[in-house]
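Data block below; observations after.
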Amino acid sequence: MTAPALDAVVAGAGFAGLYAIHRLRAMGLRVQAFEAGGDVGGTWYWNRYPGARCDVESLDYSYSFSEELQQEWEWTEKYAGQPEILRYLRHVAERFGLRGAVQFGTSVTAARFDPGRSSWQLETDRGDRVEARFFILAGGCLSRPQLAALPGLQAFAGRVLHTGRWPHEPVDFGGRRVAVIGTGSSGIQLIPQVARQAAQLTVFQRTPNYSLPAFNRPLDRDYVRWFKRHYAQRREKARYAPGGSSGYTAPDRSALDDTPREREAVYERGWARGSTALLRSYKDILTSQAANDTLAQFVRAKIRGKVRDPAVAALLAPTDHGIGTKRVCLDTGYFEAYDAPHVRLVNLREEPLVEVTPGALRTRAREVAVDDLVFATGYDAISGAALAIDLAVEGGPALADHWRDGARACLGLMAAGFPNLFLVTGPGSPSVLANMVTGIEQHVDWIAGCIAYLRERGAGRIEATAAAEQDWMAHVQRLAAATLLPRANSWFTGANIPGKPRVFLPYVGGHGAYRMACADVAFRGYEGFTIS
Ligand code: FAD
Ligand code: NAP
């Protein structure tokens with residue numbers, strides 16, 4: 001029997017796909033990647049909306065695999081903007097010669113595992129048919145944009161935009177009446193930028209979110225020099241920190257150990273840092289409702305202090321979920337934007353959207369004339385990219401069936417019954433709950449280590465056992481249930497997608513603990529996996 005022409009196919013050329021290509025090629029593997037977008041970058045290729053930037057500090061939100069790269073690349077801001085991150089990823093692709101391995105503008109649409117040949121047969125929307133021993137799905141956790149299903153949308157005469165599919169040419173909102181639907185991280189970054197240009201901006205909010213000031217700023221050169229001198233230690237710290245970032249200090253106190261005045265001082269200091277690290281002011285903010293309430297009240301008071309109109313301020317202050325149970329946002333002038341006379345907030349809880357007409361949005365209570373309609377309505381997160389592929393084992397299960405009651409995978413890396421399919425930041429891994437670049441490097445390294453292990457033994461096939469997958473996902477659920485996170489209607493649970501099974505998808509135990517669990521499995525000869 002002839003061996004497959006390719007060792008690995010990688011779907012996606014964002015942070016994950018690029019590193020997978022680099023790592024596997026360095027092992028001498030024949031790798032082909034397909035990327036739906038027109039270039040490398042993933043999230044940072046697609047999300048070109050004004051205001052898009054990371055909220056993990058740039059010096060942490062970057063690859064650690066090359067000392068030369070991390071020393072030579074100069075980040076200019078505490079939180080890099082989308083153009084800079086995209087430039088960085090293009091630089092990485094050039095520097096390591098990765099672009100040639102990627103066929104752009106091409107989606108993997110179908111994947112069949114052939115048990116007889118122990119290989120994946122893959123098809124693309126451009127008619128390619130390739131065979132590879134391993135299939136590495138690096139399609140992203142936040143790459144399948146979701147629009148709100150609104151009657152009449154097709155007939156809307158103006159521009160329709162989604163933050164995750166932003167046009168490449170600048171979008172001029174000057175003199176336009178703009179509607180933004182959605183107030184998650186994307187909306188909160190976008191809204192103040194649109195407010196600067198538009199003649200009229202109407203924000204349609206279903207749920208208010210906690211957002212902290214980013215206090216973004218140019219990076220101080222001395223700080224960068226110091227950071228780079230200690231890069232090795234900083235990266236090592238990040239690798240074992242719960243959030244995958246190097247600025248972490250483990251809190252040892254409960255929020256309830258301090259007096260209200262002491263707590264206030266702690267929160268004020270955390271607030272001034274301009275970071276989601278405020279959530280780590282105390283050890284129990286995400287596990288005790290009473291502790292959580294103290295921080296939520298603090299942040300709500302800050303929000304009320306930023307908005308002039310008390311009625312608008314009340315609408316913007318979240319009360320239906322605990323702080324940190326949905327992704328906390330970082331913003332630059334978000335709440336302040338509502339003080340401008342041309343910016344209006346519509347509360348969809350009181351007046352749901354009814355329909356779109358060619359020139360307006362209609363709620364139950366009013367009609368708002370609109371030229372541009374912007375969806376900041378998020379993603380079919382974590383499982384969406386995998387489920388968009390018609391993926392199955394020949395004569396066996398389809399991934400869609402396996403995930404009918406919720407996406408699952410052993411260590412978030414391999415779904416039981418799907419040999420030689422590796423998921424990067426899949427369901428059951430910390431993924432979106434930690435610095436994703438740290439998570440991606442750890443996943444790709446684990447996958448590379450696993451493939452090397454198989455090669456050394458002359459083995460061509462690995463798959464997670466059903467028991468190991470079940471145990472892992474039960475562990476993931478137990479950890480989540482010990483926190484406040486599953487209580488919120490967040491995209492972590494699939495609650496944002498009508499009909500999606502409600503399962504808490506990410507691993508809340510922290511990146512460091514997770515890394516050790518993965519290393520332990522490998523050390524024990526891939527315990528919980530069958531190798532043949
Ligand atoms: P992606 O960057 O999503 O790349 C996946 C790529 O795969 C996409 O380009 C997609 O087109 C392609 N693809 C998908 N399916 C297929 C297919 N079938 N065939 C071919 N190609 C396919 N994370 C953080 O840790 N910190 C942050 O500050 C942060 N900020 C973010 C800001 C925004 C606006 C968004 C949307 C996300 C942010 N994230 C952040 C999460 C971010 O997605 C990750 O940090 C990281 O970029 C993910 O890289 P990835 O390669 O796994 O996935
Ligand atoms: P999101 O967090 O899912 O927010 C989507 C928003 O749209 C929510 O306010 C949601 O309301 C609303 N919405 C969804 N469907 C709707 C409908 N049918 N009608 C009305 N409103 C609707 O999506 P996102 O803002 O794109 O962010 C996704 C994730 O990407 C973030 O959580 C984060 O991980 C990442 N991200 C990070 C940054 C950053 O700062 N680094 C920036 C952008 C994105 P409900 O809350 O009621 O569902």
Side-chain angles (χ1 to χ4, degrees), residues 111-116 118-120 133-137 382-383 386-387 389 391-431 433 439 442-454 456-483 486 492-494 500-532:
R112 287 282 172 282
F113 184 75
D114 178 342
S118 285
S119 66
W120 283 94
R133 180 72 71 211
F134 300 103
F135 179 28
I136 292 153
L137 194 36
I382 302 177
S383 55
L387 288 174
I389 300 173
L391 195 153
V393 172
E394 238 170 59
L399 192 68
D401 292 330
H402 186 61
W403 285 1
R404 193 162 299 283
D405 298 325
R408 55 209 170 98
C410 184
L411 297 175
L413 275 157
M414 294 195 90
F418 295 84
N420 295 3
L421 168 68
F422 293 104
L423 308 168
V424 185
T425 62
S429 75
S431 65
L433 295 183
Q442 180 267 341
H443 260 197
V444 171
D445 288 343
W446 192 93
I447 293 165
C450 175
I451 293 176
Y453 182 90
L454 298 179
E456 279 160 22
R457 279 155 189 77
R461 182 173 160 151
I462 181 164
E463 92 185 78
T465 66
E469 182 188 73
Q470 197 179 330
D471 287 353
W472 179 255
M473 288 314 282
H475 173 60
V476 169
Q477 296 310 315
R478 260 196 315 276
L479 289 180
T483 73
F492 301 148
T493 66
K500 189 166 172 174
R502 288 287 286 265
V503 175
F504 194 85
L505 295 174
Y507 171 86
V508 297
H511 176 81
Y514 171 78
R515 172 184 293 273
M516 289 194 280
C518 291
D520 203 41
V521 163
F523 180 72
R524 292 167 193 276
Y526 296 88
E527 192 176 63
F529 292 79
T530 309
I531 291 175
S532 53

Please work out whether the ring planes of Y526 and F529 are parallel, tilted or perpendicular, with thresholds of 30° and 60°.
perpendicular
Using 0.5 Å steps for rounding, measure from the CZ atom of R461 to the CG atom of L454.
11.5 Å
G460 backbone acceptor or donor facing N420 side chain under 3.5 Å:
yes
Sole candidate of I462, V444, L137 that passes side chain to side chain contact (heavy atoms under 4.5 Å, CB included) when paired with F422:
I462
Could you check if a side-chain atom of I389 sits within less than 4.5 angstrom of a side-chain atom of L399, using non-hydrogen atoms only?
no
For the side chain of Q442 and the backbone of R515, is there at least one donor-acceptor N/O pair under 3.5 Å apart?
no
Looking at D405, I want to see if its CG is surrounded by more than 12 non-hydrogen atoms of other residues, nucleotides or ligands under 6.0 Å.
no
What about Y453 and W446, are their ring centers closer than 6.0 Å?
no
Within the 4.5 Å heavy-atom criterion, are F113 and L421 side-chain neighbours or not?
no
Looking only at heavy atoms, what is the nearest atom pair of S431 and P506, with distance?
OG-CB, 4.0 Å
NE2 of H443 to CG of L423: how many Å apart, nearest 0.5 Å?
8.5 Å
Looking at every heavy atom in both V476 and G428, which two are closest together, and how far apart are they?
CG2-O, 3.8 Å
If you measure from CE on M414 to CZ on R408, what distance do you get to the nearest 0.5 Å?
15.0 Å
Write down the atom of T425, the atom of G439, and the distance for their closest heavy-atom approach.
CG2-C, 4.5 Å
Which value, rounded to the nearest 0.5 Å, describes the distance between C518 atom SG and I447 atom CD1?
10.0 Å
Can we call the ring centroids of W472 and H475 under 6.0 Å apart?
yes
Atom pair SG (C410) and CD (E463), whose distance is rounded to the nearest 0.5 Å
11.5 Å
Counting only N and O atoms by type, is there a donor-acceptor contact under 3.5 Å from the side chain of Y514 to the main-chain atoms of L411?
yes
Between R404 and P501, what is the shortest heavy-atom contact and its length?
O-CG, 3.2 Å
Do side-chain atoms of D114 reach the backbone of S119 as a donor and acceptor pair under 3.5 angstrom?
no
Check whether more than 12 heavy atoms from other residues, nucleotides or ligands sit under 6.0 Å from atom CD of E394, and answer yes or no.
yes
Worked verdict on V508 versus F492 for side-chain contact (heavy atoms from CB on, under 4.5 Å):
CA-CA 11 Å; V508 297; F492 301 148; over 6 Å; no
Does the Q477 side chain pair with the main chain of F504, one donor and one acceptor, at a distance under 3.5 Å?
yes
Where do A459 and I531 come nearest, in terms of heavy atoms and distance?
CB-CG2, 3.6 Å
Minimum heavy-atom separation for S383 and A407, please, with both atom names.
CB-CB, 3.7 Å
Looking at W403 and A398, would you say the former's side chain and the latter's main chain have a donor-acceptor pair under 3.5 Å?
no
